[in-house]
2 protein chains.
Amino acid sequence: MQKEYAILKKCGLSITTSRKAILDVFLQSSEALSHADIERSTAPAFDRVTVYRTLQTFVEYGIIHQIPTTDNSVLYALCKDECAVGHHQDEHIHFICILCKKTSCLEHVEIPKVNLPKGFEPVQTAMVIKGICLHCTD
Amino acid sequence: MQKEYAILKKCGLSITTSRKAILDVFLQSSEALSHADIERSTAPAFDRVTVYRTLQTFVEYGIIHQIPTTDNSVLYALCKDECAVGHHQDEHIHFICILCKKTSCLEHVEIPKVNLPKGFEPVQTAMVIKGICLHCTD
DNA sequence: GTAACTGCAAAATATTTGCATCCTT
DNA sequence: AAGGATGCAAATATTTTGCAGTTAC
């Protein structure tokens, strides 16, 4: 699997076992992941602190982005190629299924522009929709 | 101040010192508040546990709603009158100012409808915009 | 008077920091 | 070899739970 290698290389990050493994978890997953998910998904497990630091680094370098939630948790998902250090292009909709609880990125649905009142200048927009996902509407 | 009284009464909740005080904090504030904000804003301070439980009750009864954030925190803000038990009508935009860090509800800006891919059924939509607010664009 | 609410203590969870060691380049 | 990354230990911070005493109705 060379994709992890390419991504880390591109960012100028050193290629380490934990970074490759954690990145691999994201590449394998179609849904957004929490810190706990990631801790659980690697074998052997990495130190909790390493997971924290790795996720933080990935966010900084635009490899993953954070998804806002209303419970006290943060979810992470892979960014698309256009993301870079300090510049996240994650203006897509996040969908949280109320049945299967999975959160996924709807990459291809654009966020509509809204007319803000005079004086407000938007910089980044996030949209989170709760509902029933593709796999649960049978 | 009788407004707190009316709100609690309407929900069938008992009128207690802490509930009135915490509700008052929300009524006085134009921005969204965190658990820590509330703990700080009442004098004398209530037990941390009481604040947790009060916020939870208020959310359940539709008095306040939660605002999703990308850091590990949850913000709360007052709901409008249409909210009730199990039914939040908080489909308005939340604005986080990147300068003054304050989060506020843009009550009068409606969230545009989006066309989801076939199979996805929306139930609730949240929209959070980061940018520069009214007071910081001088 | 009874049911519900609060505060305290403590447990369980989650996050951060410092430092010595190990790995990548 | 040098700088950065990891793992361990421990400090902090956050959230939850149980229970006894208190308050609202």
Side-chain angles (χ1 to χ4, degrees), chain A residues 1-2 4-26 32-61 63-64 66-76 85 101, chain B residues 1-26 32-61 63-64 66-76 85:
Chain A
M1 192 62 59
Q2 297 298 34
E4 299 90 335
Y5 189 90
I7 293 173
L8 293 171
K9 194 81 179 204
K10 184 184 161 200
C11 292
L13 289 169
S14 24
I15 319 288
T16 67
T17 313
S18 53
R19 285 180 182 163
K20 273 190 293 188
I22 292 174
L23 199 41
D24 193 48
V25 175
F26 280 109
L33 302 166
S34 67
H35 174 274
D37 290 333
I38 290 155
E39 218 181 316
R40 247 183 279 110
S41 313
T42 57
F46 294 99
D47 192 274
R48 183 166 303 214
V49 177
T50 301
V51 177
Y52 277 114
R53 291 197 269 228
T54 304
L55 289 175
Q56 190 178 308
T57 303
F58 284 2
V59 170
E60 268 168 33
Y61 282 81
I63 297 171
I64 61 178
Q66 296 169 303
I67 299 169
T69 63
T70 50
D71 51 5
N72 296 55
S73 69
V74 180
L75 294 175
Y76 302 88
V85 184
K101 311 292 181 196
Chain B
M1 194 59 62
Q2 296 299 34
K3 193 151 189 195
E4 300 92 333
Y5 190 90
I7 293 173
L8 293 172
K9 194 79 180 206
K10 184 184 161 199
C11 292
L13 289 169
S14 20
I15 319 288
T16 67
T17 312
S18 54
R19 285 182 181 160
K20 275 190 292 187
I22 292 174
L23 198 40
D24 193 49
V25 175
F26 280 109
L33 302 166
S34 67
H35 174 274
D37 290 332
I38 289 154
E39 219 180 312
R40 248 184 277 110
S41 311
T42 56
F46 294 98
D47 192 275
R48 183 167 304 213
V49 177
T50 300
V51 176
Y52 277 114
R53 292 198 269 225
T54 303
L55 290 174
Q56 192 178 305
T57 302
F58 284 1
V59 170
E60 269 168 31
Y61 282 81
I63 297 172
I64 59 177
Q66 296 170 301
I67 300 170
T69 63
T70 50
D71 52 6
N72 294 55
S73 70
V74 180
L75 294 175
Y76 301 88
V85 183

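Because the structure is predicted, anything quoted here is derived from the model rather than measured.
One can place CG of A:Asn72 at 10 Å from P of D:dT14, the figure rounded to the nearest angstrom. Atom CD of B:Gln56 is separated from atom C1' of D:dT14 by 14 Å (rounded to the nearest Å).
At D:dA5, none of the side-chain N or O atoms of A:Arg53 fall inside 4.0 Å of OP1 or OP2 (strictly under the cut-off).
Applying the salt bridge (charged side-chain N to carboxylate O under 4.0 Å, His left out) test to B:Arg40 and every residue at least two apart in sequence or in another chain returns B:Asp37. For A:Asp47, the side-chain contact (heavy atoms from CB on, under 4.5 Å) partners two or more places apart in sequence, or in a different chain, are A:Val49, A:Thr50. In terms of the side-chain contact (heavy atoms from CB on, under 4.5 Å) criterion, residue partners of A:Ser41 (sequence neighbours excluded) are, by chain and number, A:Val25. Take B:Arg48 and apply the side-chain contact (heavy atoms from CB on, under 4.5 Å) test, not counting sequence neighbours, and it matches B:His35, B:Glu39, B:Tyr52. Applying the side-chain contact (heavy atoms from CB on, under 4.5 Å) test to A:Thr17 and every residue at least two apart in sequence or in another chain returns A:Phe46.
With rounding to the nearest 0.5 angstrom, the CZ atom of A:Arg53 is 12.5 Å from the CD atom of A:Glu60. The distance from the CD1 atom of A:Ile64 to the CD atom of A:Gln56 is 10.0 Å, given to the nearest 0.5 Å. Once rounded to the nearest 0.5 Å, the distance linking CG of B:Leu8 with CG of B:Leu23 reads 5.5 Å. To the nearest 0.5 Å, atoms CD (B:Glu4) and NZ (B:Lys20) are separated by 8.0 Å.
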Short heteroatom pairs, N/O only, protein and nucleotides 22-25 of chain D, under 3.5 Å:
residue, atom, partner, partner atom, Å
D:dC25, OP1, B:Ile15, N, 3.1

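Between A:Leu55 and A:Phe26 the shortest side-chain heavy-atom distance falls below 4.5 Å.
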**Message:** Show, in sequence, the C-alpha distance, side-chain angles and deciding distance for B:Leu13 and B:Ile63, and conclude whether the side chain to side chain contact (heavy atoms under 4.5 Å, CB included) test is met.
**Reply:** CA-CA 11 Å; B:Leu13 289 169; B:Ile63 297 172; 4.0 Å; yes
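When all heavy atoms are compared, the tightest approach of B:Gln66 to B:Tyr76 is CG-CE2, 3.6 Å.
A heavy-atom distance below 4.0 Å to DNA chain C is reached by these residues of residues 34-51 of chain B, ordered by number: B:Phe46, B:Asp47, B:Val49, B:Thr50.
One axis for each end of the helix from C:dG1-D:dC25 to C:dT25-D:dA1, each built from five base pairs, and the angle between them comes to 40° at 10° resolution.
Chain B approaches DNA chain C over the interval C:dA4 to C:dT15, counting the first and last nucleotide 5' to 3' with an atom under 4.0 Å from its heavy atoms.
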Which pairs of donor and acceptor atoms, one on a side chain in residues 67-74 of chain A, lie under 3.5 Å apart (sequence neighbours left out)?
residue, atom, partner, partner atom, Å
A:Thr69, OG1, A:Asp71, O, 3.1
A:Thr69, OG1, A:Asp71, OD1, 2.9
A:Thr69, OG1, A:Ser73, O, 2.5
A:Thr69, OG1, A:Ser73, OG, 3.3
A:Asp71, OD1, A:Ser73, OG, 2.8

